[in-house]
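To keep things clear, I will list the structure first and then write my remarks on it.
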Amino acid sequence: MATLRLSGPHLPFRLTSTTSSKTHKIPPFMKPPINPFSLKEICQEGNLREAFKSLANTFTSQNLSHKPPDEAYSLILDLCAAQKALSQGQQIHAHVLKSNSVNDTVFLDTKLVFMYGKCGSLFHAEKVFDDMPEWNIFAWNAMIGACVTNEEPLGALELYEEMRMLDFPLDAHTFPSLLKACAAVKDLSSGCEIHGLAIKLGFLSNAFVVNSLVGMYAKCDDVPAAYRLFSRMSGKEDVVSWNSIISAYAASGRRTEALRIFGEMLNTGVTPSTYTFVPVLQTCEEPALGKLSSGVHAIVLKLGHHLDTYVLNSLVVMYARNNRMDEAARIFRDIKEKDNIAWNSMLSGYVQNGLYDEALYFFSEMKTLGQKPDQISLVSMLAASGRSGNLLAGMQLHAFSLKNRMDCDLLVGNTLMDMYAKCGRTDYMQFVFYRMPYKDSVTWTTAISGYAQNNFPTKALNTFREIFVENMEVDLLMIGSILLACSDLKCSSLVKEIHGYVIRTGLHDLVTENTLVKVYGDCRNITYACNVFKLIRVKNVVSFTSMMSSYVDNGLANEALDLVPRMQENEIELDFVAILSILSAAADLSALRKGKEMHGFLLRNGFLVEGPIASCLVDMYSCSGILDDSYKVFNCTLNKDLPVWTSMISAYGMHGFGKAAVDLFRRMESENLIPDHVAFLSVLYACSHSALVEEGKRVFDSMQHEYKLDPWPEHYTCMVDMLGRANYLEEAFRFVTTMKMEPIAAVWCALLGACRVHSNEKIGEIAASKLLELDPDNPGNYVLVSNVYAARDRWEDVEEVRSTMKGKGLKKDPACSWIEVGNKFHVFIAHDRSHPESDEINQKLDLITEKLVREGGYVPQTKYVLHDLEEKEKVKLLNGHSERLAISYGLLKTAYGTPIRITKNLRVCGDCHTFTKLTSKYLEQEIIVRDANRFHHFRDGICSCGDFW
DNA sequence: GTAGGGTTAG
């Protein structure tokens with residue numbers, strides 16, 4: 001093929017440079033000779049400037065005998081397209097229009113359509129296409145391609161319809177673009193139709209077509225169909241086929257499959273390309289696959305793909321997701337030409353790893369080095385500010401986005417709103433919300449959940465109603481966030497309303513159903529939670545976790561633990577959230593065996609004992625009575641956060657080690673952790689249970705004055721409990737009457753309990769009437785009040801209180817105790833005969849009681865029987881208390897030397913306390929009892945509570 | 001002769 005020389009020595013020299021000084025004209029002979037390469041060679045080199053110059057020469061030279069032909073235009077249009085040089089392309093277009101030398105207008109128009117498409121100007125492409133005198137297949141293909149590259153897949157599909165209507169035959173080149181369009185809009189049915197057409201036209205032997213079909217099915221989430229096509233290529237696969245199928249598996253999260261196919265590819269002898277490594281590196285993004293990452297990295301190096309931008313960026317992302325930011329930074333440092341994606345990958349890596357300060361530093365470095373942050377950089381940074389609650393940094397970023405005109409960007413606006421919501425500033429969130437010119441469903445969802453999370457449920461609901469006013473489409477995300485708002489309102493009827501909407505519109509998926517389970521649970525409607533759960537056809541780990549935590553939150557820990565084997569039956573793997581709810585169920589029940597099993601599972605599966613896992617483990621061990629193991633977990637936790645310190649402090653408190661709790665609290669302060677309300681609550685609780693009155697007062701004081709925290713009602717309750725137990729009843733009463741807020745029922749309850757123990761009738765009377773006035777529907781309160789009267793032998797008053805209670809239809813929770821033996825809980829209520837080994841248990845109990853009377857001088861203290869009965873009957877009642885049955889069973893089933901662990905739902909009575917102390921001495925048996933309030937360690941006749949509980 | 005397939009940050 002002859003290439004026309006458009007420039008060269010035979011053309012007159014021209015001064016094209018205007019930079020030279022006018023006074024010093026460079027003589028023609030001084031000018032460097034024009035590049036002797038032909039236009040084609042210049043174009044192949046990609047030198048647009050040079051190509052343009054040489055073409056321009058041909059236009060302006062007066063003595064040129066011929067005008068540039070179609071081919072010259074074509075070459076330079078291709079170059080413009082490749083370099084996305086729109087303005088140069090437009091200049092050529094102008095010349096084409098002016099020039100009368102074009103032979104084949106259809107050919108050149110097709111080229112123009114192509115060029116405009118590639119340069120991102122769909123408008124011009126369409127204009128040229130529409131004005132064409134006639135269309136051939138090349139023109140159609142160019143126009144369809146232009147639509148696809150300009151993210152107008154629907155336009156491409158419309159053109160396809162038009163072609164079909166005109167009965168215009170498609171060729172093999174039409175298919176890839178069309179299939180890409182189907183993939184972009186996830187239009188599987190059109191994709192299948194086009195697949196059928198490709199079969200009919202016999203294009204399935206074309207690798208381009210098949211590879212496009214593989215990609216289409218993968219993007220439409222039908223990976224099996226993609227694999228079927230791939231596997232039928234039998235020897236016709238090229239590197240793109242392999243890349244497509246590996247991408248399909250990687251994107252659908254089937255890592256093992258993706259890696260298996262990659263291995264097969266290597267075995268088949270197909271050399272991977274840079275396109276191969278991007279999805280393969282993605283499969284290594286799981287932190288647990290650190291070893292694999294290094295292996296794949298080695299292959300990248302071996303095959304020399306370590307200079308490719310895509311590969312390098314993917315490596316950065318992979319190491320960041322592997323929690324190996326140092327490695328990521330090393331790769332990043334060595335990237336010669338860092339693009340925005342590289343910078344942003346690093347930035348999001350820091351954020352995802354919780355390294356917010358590093359992210360801030362990196363961001364400022366980015367600006368110093370002249371790298372301009374874009375929307376995505378801002379999104380990462382705003383997420384960091386939101387998650388770390390750094391309002392100041394968030395506002396600075398807001399200012400930056402205003403200055404750089406990015407605040408109107410949808411993505412930036414949404415993230416700004418989220419940041420303000422997370423920093424507790426719904427007012428600023430609202431400001432951004434109203435300023436955003438374009439809102440999408442994420443915007444609305446963010447507003448709703450922002451209000452919900454900040455305890456503005458009504459605002460959340462109003463925003464939800466506004467969606468209907470604005471005629472926005474309601475999507476599943478919105479449903480999810482409005483449901484969470486309902487759970488903050490604890491309003492079951494509202495949840496039912498939304499649930500009804502979900503059912504009517506058919507707008508639900510697994511996520512929504514799981515949310516419903518959780519939200520019904522939060523609203524204390526466990527029946528509905530169960531019903532929704534039962535109706536979920538294919539339950540996943542989240543379904544089970546939602547159900548378990550609903551059970552736990554509603555005091556049904558047993559039912560929660562019953563779900564664990566059902567998860568195993570369904571082959572559902574436990575994740576860390578599931579483990580958290582299992583651990584808290586185990587803690588509730590003192591189910592040490594289950595708890596230990598979970599701890600083992602965590603260690604075996606390489607979970608880090610940190611964060612919520614650590615504090616849940618501390619809770620579980622302390623609630624199961626093993627304080628030592630709580631401390632071991634606490635001590636081994638590397639990054640101790642506030643919750644884990646708080647868990648350990650309340651563990652000490654529960655077990656009566658008040659001083660240890662206070663010491664730990666001080667140690668926490670000295671390590672610069674700022675205690676919150678909950679931390680103060682645990683230390684006050686510890687003081688109260690160990691009679692550390694002065695310490696408790698000091699702590700309460702520092703909470704208000706040093707840390708500027710306003711006490712919650714719970715803190716007041718703790719203080720009253722502490723003063724009352726220590727027999728400072730007058731002071732406790734004064735404290736209640738001078739509180740900054742109206743005392744809640746629990747405060748009077750604590751005071752009344754103290755009055756009972758210390759026999760103060762005057763204050764007790766006041767507390768009792770206040771308690772029943774404030775919380776008249778709680779059967780426990782009536783029981784407490786009647787017990788106070790019973791202790792003073794005021795049997796008429798007892799009868800009156802009990803009949804009021806009966807009249808209200810209130811029933812007291814029966815006392816029960818349980819013990820874990822084997823893999824089972826054995827639950828006893830008083831005088832329970834339902835246990836299969838009831839006879840043995842009662843015989844054993846009689847033996848113990850006799851021994852204690854004989855050797856330990858045990859005398860039943862019938863004053864603890866709060867019924868007006870004969871003395872003999874009272875003794876009989878005491879003897880049948882549930883904890884004694886549980887202890888007897890424990891003694892029957894436990895090897896000598898192993899402590900017996902009992903849990904009781906109410907407080908231990910005084911006589912049982914004595915009974916247990918004596919048992920620990922005369923039967924040489926360590927007994928650990930967890931009652932409703934705290935732990936009692938009985939050993940050698942002494943209880944850890946110092947008879948103070 | 002023109003037109004076509006597989007990748008990275010959120």
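Because the structure is predicted, anything quoted here is derived from the model rather than measured.
At a threshold of 4.0 angstrom between heavy atoms, the contacts of A:Q375 with the nucleic acid are absent. Looking at heavy-atom distances under 4.0 Å, A:A207 makes contact with a base. Base contact: A:D104 has a heavy atom under 4.0 Å from a base atom. If you check every strand for non-hydrogen atoms under 4.0 Å, A:D339 touches nothing. Residue A:E285 is classed as having no contact, given no heavy-atom separation below 4.0 Å to the nucleic acid.
Within residues 168-182 of chain A, the residues having any heavy atom under 4.0 Å from DNA chain B are, by residue number, A:D171, A:A172, A:H173, A:P176, A:S177, A:K180. Near DNA chain B, defined here as any heavy-atom distance below 4.0 Å, there are no residues from residues 145-165 of chain A.
Side-chain proximity of A:D78 to B:dA3, B:dG6, B:dT8: nearest is B:dA3. The side chain of A:F107 has B:dG1 as its nearest neighbour among B:dG6, B:dG10, B:dG1. Of the candidate nucleotides B:dA3, B:dA9, B:dG6, B:dA9 has the atom nearest to the side chain of A:R321. Nearest to the side chain of A:N141, among B:dG6, B:dA3, B:dA9, sits B:dA3. Of all nucleotides listed (B:dG10, B:dG6, B:dA9), B:dG6 comes nearest to the side chain of A:Y275. Here the nucleotide nearest the side chain of A:S380, chosen from B:dG10, B:dT7, B:dT8, is B:dG10. Closest to the side chain of A:V317, from the set B:dG6, B:dA3, B:dA9, is B:dA9. Taking every side-chain heavy atom of A:F138 into account, B:dT2 is the closest of B:dG6, B:dT7, B:dT2.
Atom P of nucleotide B:dG1 and atom CG of A:D109 are separated by 20 Å, given to the nearest angstrom. Going from atom CD1 of A:I246 over to atom C1' of B:dT7 covers 12 Å, rounded to whole Å. What separates CG of A:L411 from C1' of B:dA9 is a distance of 11 Å, to the nearest Å. Summarising the geometry, the separation between CG on A:N243 and P on B:dG4 is reported as 19 Å, rounded to the nearest angstrom. Summarising the geometry, the separation between CG on A:L347 and P on B:dA9 is reported as 14 Å, rounded to the nearest angstrom. Spacing between atom CH2 of A:W242 and atom C1' of B:dT7 amounts to 18 Å, rounded to whole angstrom units. Rounded to a whole Å, the CG atom of A:L303 is 20 Å from the P atom of B:dT7. Atom-to-atom, NZ of A:K372 to C1' of B:dA9 comes out at 18 Å; the value is rounded to the nearest Å.
Using modelled atom types, one side-chain atom of A:T149 and one backbone atom of A:A146 make a donor-acceptor pair closer than 3.5 Å. Judged purely by atom type and a 3.5 angstrom limit, A:K439 uses its side chain to pair as donor or acceptor with the backbone of A:F433.
At B:dG4, one or more side-chain N or O atoms of A:K118 fall inside 4.0 Å of OP1 or OP2 (strictly under the cut-off). Between A:Q352 and B:dG10, a side-chain N or O to OP1/OP2 separation shorter than 4.0 Å is present. The phosphate of B:dG10 has OP1 or OP2 within less than 4.0 Å of a side-chain N or O from A:S348.
Within a 6.0 Å radius of CD in A:E337, other residues, nucleotides and ligands contribute 12 heavy atoms or fewer.
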- Message: Show, in sequence, the C-alpha distance, side-chain angles and deciding distance for A:T309 and A:L312, and conclude whether the side-chain contact (heavy atoms from CB on, under 4.5 Å) test is met.
- Response: CA-CA 5 Å; A:T309 315; A:L312 284 167; 5.9 Å; no
- Query: Is there a side-chain hydrogen bond (donor to acceptor under 3.5 Å, both in side chains) between A:T443 and A:N414 once you walk through the steps?
  - Reply: CA-CA 5 Å; A:T443 320; A:N414 289 345; 2.8 Å; yes
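If you look at A:H195 and A:Y217, their ring centroids are closer than 6.0 Å. Aromatic ring centres of A:H173 and A:F208: separated by at least 6.0 Å.
Using a cutoff of 4.0 Å between basic side-chain nitrogens and carboxylate oxygens, A:D326 and A:R330 are not scored as salt-bridged.
Rounded to the nearest 0.5 angstrom, A:M406 CE and A:L378 CG are separated by 4.5 Å. With rounding to the nearest 0.5 Å, the separation of CD in A:E286 from OG in A:S293 is 10.0 Å.
Residue A:S273 places a side-chain atom within donor-acceptor reach of the base of B:dG6, judged by atom type and a 3.5 Å distance cut-off alone.
Partners of A:V317 under the side chain to side chain contact (heavy atoms under 4.5 Å, CB included) rule, at least two apart in sequence or in another chain, are A:E285, A:R321, A:S345.
Stacking between A:F208 and B:dG4 is present: the aromatic ring centre lies within less than 5.5 angstrom of the base six-membered ring centre, and the two planes differ by under 30 degrees.
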